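Structure first, commentary second.
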There are 2 protein chains.
Amino acid sequence: MTYEPNEGNANAIPGNTKYHNPTEATLERIGGKWKTAILCLLAEQGTMRNGEMLRTLSPVTQKMLTQQLKELEADGLILRTVFSEVPPKVVYELTDSGRSLGMVLDPLCEWGKRFVNTVNQDTSTGKE
Amino acid sequence: MTYEPNEGNANAIPGNTKYHNPTEATLERIGGKWKTAILCLLAEQGTMRNGEMLRTLSPVTQKMLTQQLKELEADGLILRTVFSEVPPKVVYELTDSGRSLGMVLDPLCEWGKRFVNTVNQDTSTGKE
DNA sequence: TAATATAGTTACCATTTGGGTACGTTGAAG
DNA sequence: CTTCAACGTACCCAAATGGTAACTATATTA
């Protein structure tokens, strides 16, 4: 009942050869370099403008921010609203779907804190 | 209380410039292509040998499997036991730390199932 | 003598992801 | 006429990740 493996089980994603289970589908959507940070910010602030995020998430670059926001929007996790003003104004906020991610991001964060406190120090993956 | 952003907050990881929050630390450990599937299998089966996983996770390749298992071991999530026999025998199982990941993988899986059922069809990220 | 089984390793290539720098748009302010 | 603010896009490069095929070791079996 925990992770639900690949093909042939009730949770396999029909017609999808890309993931082996729903877990990977989720990971693919929150896996970008700045995505959890962005989702975090929006969850806390409600709405935010491009410039605000750029400053808050520094040293993210405009390009990376735009890219991550686009992907999150394409996945229906955030809403982008453009105001036809000059200078331009664009506001981002979570959709219901994006808000529902709290349920998964919370445990991720909790585990991360515990992990860092016990195993501690960047054993990570042996890379770098 | 949800995602906990970067630098300067109580959950920032000390001396670590690699992640912005504990969530990313977790993601880095479960983010490999076959890792959730492997953790899944081990959670269900208890212990497994290399060959078993190779068959069960097909079409994973030996190289990828070895690589993912090595990383999981380095991160303290699984235990690798070698029996000095011929032909060789190696057995893998979850550590306590690895077992505790159920808490985070479960919600990931649940969200993935719901996501697929609602937004459905691979909107994914616009790539591919 | 040669094939078998197990659990890898190594070299090499392709794809994906992340990142840097420069440029574009628009109307108002100086 | 030039500059600024706000929000991007285009182009190009580097690093990380995923994947394929060939090679290794050794006791046992045929």
Side-chain angles (χ1 to χ4, degrees), chain A residues 6 17-20 24 27-38 41 47-75 78-93 122 124-128, chain B residues 17-20 24 27-38 41-42 47-75 78-93 122 124-128:
Chain A
N6 43 333
T17 54
K18 211 165 169 188
Y19 338 97
H20 316 91
E24 291 185 9
L27 282 181
E28 183 162 272
R29 280 161 183 95
I30 64 175
K33 179 129 187 220
W34 300 92
K35 288 189 183 173
T36 60
I38 290 171
L41 266 185
T47 68
M48 280 193 98
R49 300 185 56 181
N50 176 75
E52 286 181 275
M53 301 185 121
L54 210 47
R55 281 185 295 277
T56 312
L57 297 178
S58 169
V60 73
T61 61
Q62 174 69 64
K63 185 198 135 190
M64 282 308 294
L65 181 59
T66 305
Q67 187 180 304
Q68 302 293 299
L69 287 170
K70 263 188 188 168
E71 293 180 5
L72 289 170
E73 194 196 1
D75 287 337
I78 66 173
L79 183 67
R80 178 175 184 268
T81 310
V82 183
F83 294 82
S84 296
E85 304 173 4
V86 170
K89 178 179 173 183
V90 179
V91 164
Y92 296 93
E93 64 195 303
D122 201 40
S124 80
T125 284
K127 315 158 192 166
E128 165 162 332
Chain B
T17 54
K18 210 166 169 189
Y19 337 100
H20 315 92
E24 292 185 10
L27 281 181
E28 184 163 271
R29 282 164 181 94
I30 65 175
K33 179 127 185 223
W34 300 92
K35 287 188 184 172
T36 60
I38 291 170
L41 266 186
L42 292 180
T47 67
M48 280 193 97
R49 301 185 55 180
N50 177 75
E52 284 181 275
M53 301 185 120
L54 211 47
R55 281 185 294 278
T56 311
L57 296 178
S58 169
V60 73
T61 62
Q62 175 68 65
K63 181 199 143 187
M64 281 310 293
L65 181 59
T66 305
Q67 186 180 304
Q68 302 293 300
L69 288 170
K70 264 189 188 168
E71 293 180 4
L72 289 169
E73 193 196 2
D75 287 336
I78 65 173
L79 184 66
R80 178 175 184 268
T81 311
V82 183
F83 294 81
S84 296
E85 306 173 1
V86 170
K89 177 179 174 184
V90 179
V91 164
Y92 296 93
E93 64 197 302
D122 201 43
S124 79
T125 283
K127 317 159 192 166
E128 164 165 333

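Atom set for the values below is all heavy atoms of this structure, side chains included, hydrogens, waters and symmetry mates excluded. First the proteins, then the strands, lettered A, B, ... as listed; each starts at 1. All values reported here derive from a predicted model rather than from experimental measurement.
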Rounded interatomic separation in angstrom, taking [atom1] from [X] and [atom2] from [N]:
X      : N       : atom1 : atom2 : result
M64(B) : dA21(D) : CE    : C1'   : 16 Å
E73(B) : dG8(C)  : CD    : C1'   : 14 Å
K70(B) : dG18(D) : NZ    : C1'   : 16 Å
E85(B) : dT4(C)  : CD    : C1'   : 17 Å
E71(B) : dT17(D) : CD    : C1'   : 10 Å
L65(A) : dG19(C) : CG    : C1'   : 14 Å
E28(A) : dG18(D) : CD    : P     : 12 Å
F83(B) : dT6(C)  : CZ    : C1'   : 14 Å

What are the atom names and distances for every N/O pair under 3.5 Å that joins the protein to nucleotides 5-7 of chain D?
from	atom 1	to	atom 2	distance (Å)
dA6(D)	O3'	R49(A)	NH2	3.0
dA6(D)	O3'	P88(A)	O	2.9
dC7(D)	OP1	R49(A)	NE	3.3
dC7(D)	OP1	R49(A)	NH2	3.0
dC7(D)	OP1	V90(A)	N	3.2
dC7(D)	OP2	G51(A)	N	3.1

Contacts of type side-chain hydrogen bond (donor to acceptor under 3.5 Å, both in side chains), residue [X], not counting sequence neighbours:
X      : value
R49(B) : none
E52(B) : none
T61(A) : none

Within this structure, what is the [atom1]-[atom2] distance for the pair [X] and [Y], rounded to the nearest 0.5 Å?
X      : Y      : atom1 : atom2 : answer
K35(A) : E24(B) : NZ    : CD    : 12.5 Å
K70(B) : T66(B) : NZ    : OG1   : 7.0 Å
Q67(A) : K33(A) : CD    : NZ    : 11.5 Å
T47(A) : Y92(A) : OG1   : OH    : 12.5 Å
E71(B) : I38(B) : CD    : CD1   : 9.5 Å

(request) Kindly calculate the angle separating the two end axes of the helix from dT1(C)-dA30(D) to dG30(C)-dC1(D), each obtained from five base pairs, and round it to 10 degrees. (result) 40°
(request) Please identify each residue that fulfils side-chain contact (heavy atoms from CB on, under 4.5 Å) with S84(A), with sequence neighbours left out. (result)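 If we apply the side-chain contact (heavy atoms from CB on, under 4.5 Å) test to S84(A), skipping adjacent residues, there are no hits.
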(request) Please name all residues satisfying side-chain contact (heavy atoms from CB on, under 4.5 Å) with L54(B), sequence neighbours left out, ordered by chain then number. (result) N50(B), V60(B), Q62(B), L65(B)
For nucleotides 20-23 of chain C, tabulate all protein N/O to nucleotide N/O atom pairs closer than 3.5 Å, reporting atom names and distance.
from	atom 1	to	atom 2	distance (Å)
dG20(C)	O6	K63(A)	NZ	2.9

(message) Could you check whether any side-chain heavy atom of L42(B) comes within less than 4.5 Å of a side-chain heavy atom of M53(B), counting everything from C-beta outward?
(response) yes
(message) Less than 4.0 angstrom between a side-chain N/O of W34(A) and OP1 or OP2 of dG19(C), yes or no?
(response)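 The answer is yes; a side-chain N or O of W34(A) sits under 4.0 Å from OP1 or OP2.
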